[in-house]
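Every chain is numbered from 1, with letters handed out A, B, ... down the list of sequences. These values consider heavy atoms only, across backbone and side chains, with no hydrogens, waters or symmetry-generated copies.
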Amino acid sequence: MAVALAFFEKLLSFFCTLFGLVLGLIIVLICVDVALRDLSLGSLPWLIELSEYLMYAGTFLAAPWVLRQGSHVRVDILFVALPKRLAVRLEQLVDLLGLGISLVLLYYGSAVVSDAWRTNMVAYKTWYVSEWLLFLALPVSALLLVIEFVLRFLRVKGVVRDTYDITDRASI
Amino acid sequence: MAWPAALGLMLGLVCLAMLLGLPVAFAFFLTNIVGAVIFLGGENGIMSFLRGSMASIANFNLAPVPLFLVMGDILLRSGMAIRAIDAIDRLILAVPGRLSVVAVSGGTIFSALSGSTIATTAMLGQSLLPEMLRRGYHPSMAMGPIMAIGGVDMLIPPSALTVLLATLASSVSRDKVSVSDLLIAGIVPGLIMSVCFLAWIIVRCWMRPDLAPRDEAARVPLTLGQRWRPFFIDVVPLSFIFIVVMGSMFMGWASPTDSAALGCLATVVLALCYRALTWKILFDSLKNTAVVTTMIFFIIAASTTFAQILAFSGATDGALAEIAKYEMTPLITVFVMIAILVALGCFMDQISMMLLTFPFFMPLANALNMDLVWLGVILLISLQIGLLTPPFGLLLFVMKGVAPPEITMRQVWAAAFPYTVIVFGVLMLVVFVPSVATLLTGAMR
């Protein structure tokens, strides 16, 4: 079990790291595109489409890691105000709600993928891309979120800290 | 379902879910799933919502958001930002409230390089606050300027929040809000705010020197070279980043995304020149940016159908028709918008505020033929006020977190108050003198 949990954590972290590297790649490609255009050497016409797909897939695949880090922004009035005993129960309620939402996303996300597969839908801008491939990030992300919400529910005492460090709030 | 019930259900559910502490993205997912079942035809509605969530973030216009965040993160992690603050510190010696002035002027410069409000406040709070308190600065004079300047970061480009505001407003507006216009429009109000903060600090410390005792550093004589050399080495080159980002956009050579990527490149090149960049710093910056970007984009993906469900259920039209009965002038409408944002800002983050209010604000602004760039700046400043207002203004808590434990929340609120009044004054200036916001965008055309 411990090995499986360690693998799960590594997998979540890997997806987030991958998204970070993808953002670095997008920066490099945009700079190359600007240079090519300014030097009248052409351009990278597929860059916008590639960046869009990568931003979407990266966001969904990194979301479970962000959940694990507690970095999804949320209103924490009640958590701060309530005594720890009640905050733990509230956190569990929140985890159950999150689990329910993730299960719905998993079910209908899978339906969206299978629908696109069955009807052979294709997205076309500069490339022909099978839509089921594009939508795949959705159920994969939802599955990882389901597992993470279950784990959060089980280790709730570790999630609710003794001193609630409000500077850890996620924001821009 | 009648529109008031639909409106109550959608807004009530999302607010209740948020209040319970459900992450904002999941609160929107929950509301949209319920809304899709009731108003969009059940299962098909949910599947259509999920397809739409992909389209909302597979949007190249959002690309500047992570790119601006990368710039700020690299500057912070590489120590370039701290060195720039130190250099400004050496320049300002004889001014009353010297370190407070350093906080505002250094913060303004860092605002022009970083896309992150929290990063600016946390950096200045950690680097300057302990020193200010050690030198006997009154807590209000030590904390106030740092919190205030964090808000200015939202206005002075590059600002990730400005890009988000323009993109989210455009998604529910008849007319598009230009990202580059809005970025450029924030410069003048941001600078006016900084100058007002500086004037307040200097006048206040001149009248009551006990608020900021003259420190030993100011008494040590420095040669002209010792004072100016760090400025030319550690601050002037950083203007290269601002010139690359804003210059390329202002001259119309590059789109906001292009200029943001070039800004990242300029930041990396400068960091390499300072020998301040390691693979680890670059890697950590990218990974941290991925976390923050995911947090933002996931909310956008989750909320994508929110405005559509409101429109489809008749809630948007019903509410707008009700508002139209009052025959409000554009000015009154703007004041109502400001009041709503300031009230919501007391307990909600800026992205949620935008997502909840823009489906109503933007059609209203369209109907009244408002200048959307002017309105965008007003909304940005209103969001900024929300960061500073008790009981739950975010910057108040960031400051409480980095301040010594003996500083109470009441002291933090009191410290922020005069600056909140100044920000409100600048907001009124923009409302009544729109050219303050539109001057530069007009010049750009």
Distance-only polar pair, side chains of A/Y53 and A/E49, donor-acceptor under 3.5 Å: yes
Minimum heavy-atom separation for A/V94 and B/L22, please, with both atom names. O-CD1, 3.5 Å
Give, as side chain, backbone, both or neither, the part of A/I27 having an atom under 4.5 angstrom from any heavy atom of chain B. both
side-chain contact (heavy atoms from CB on, under 4.5 Å) between A/V66 and A/F19, intermediate numbers included: CA-CA 12 Å; A/V66 177; A/F19 187 29; over 6 Å; no
Portion of B/I46 that has a non-hydrogen atom of chain A nearer than 4.5 angstrom: side chain
Need one label for A/F149: side chain, backbone, both or neither, based on atoms under 4.5 Å from any heavy atom in chain B. side chain
Against chain B, work out which of A/L90, A/L105, A/L145 has the most heavy-atom pairs shorter than 4.5 Å and name it. A/L105
Please name the pair of heavy atoms, one in A/V146 and one in A/S102, separated by the smallest distance, quoted to 0.1 Å. CG2-CB, 3.6 Å
Under a 4.5 Å heavy-atom cut-off, does chain A meet the side chain of B/T257, its backbone, both or neither? both
Which answer fits B/V24, side chain, backbone, both or neither, if we ask what part of it has an atom under 4.5 Å from a heavy atom of chain A? both
A/S51 versus chain B, heavy atoms under 4.5 Å apart: side chain, backbone, both or neither? side chain
Minimum heavy-atom distance A/A116-A/W132, with the two atoms named: CB-N, 3.6 Å
When heavy-atom pairs shorter than 4.5 Å are enumerated against chain B, which of A/A63, A/G100, A/S141 gives the highest number? A/A63
Do the side chain of A/R74 and the main chain of B/A25 share a donor and acceptor less than 3.5 angstrom apart? no
Would you call A/R155 and A/E9 a salt bridge, taking side-chain N to carboxylate O under 4.0 Å as the test? no
Contact part of A/I48 toward chain B, heavy-atom cut-off under 4.5 Å: side chain, backbone, both or neither? both
Does any backbone or side-chain atom of A/V112 lie under 4.5 Å from a heavy atom of chain B? Answer side chain, backbone, both or neither. both
B/I299 portion near chain A, given a 4.5 angstrom heavy-atom threshold: side chain
Heaviest contributor of heavy-atom pairs below 4.5 Å to chain A, chosen from B/M54, B/E43, B/M47, is B/M54
Geometric class of the A/W46/A/W127 ring pair [parallel <30°, tilted 30-60°, perpendicular >60°]: parallel
Side chain, backbone, both or neither: which part of A/L18 has a non-hydrogen atom closer than 4.5 Å to chain B? neither
Are A/R85 and A/E91 within salt-bridge range, i.e. N to O under 4.0 Å? no
Considering only heavy atoms, which portion of B/A63 lies under 4.5 Å from any heavy atom of chain A: side chain, backbone, both, or neither? both
Turns out that what part of A/D115 lies under 4.5 Å from chain B's heavy atoms comes down to side chain
Taking the six-membered ring for Trp and the single ring otherwise, decide whether the centroids of B/F29 and B/F298 are under 6.0 Å apart. yes
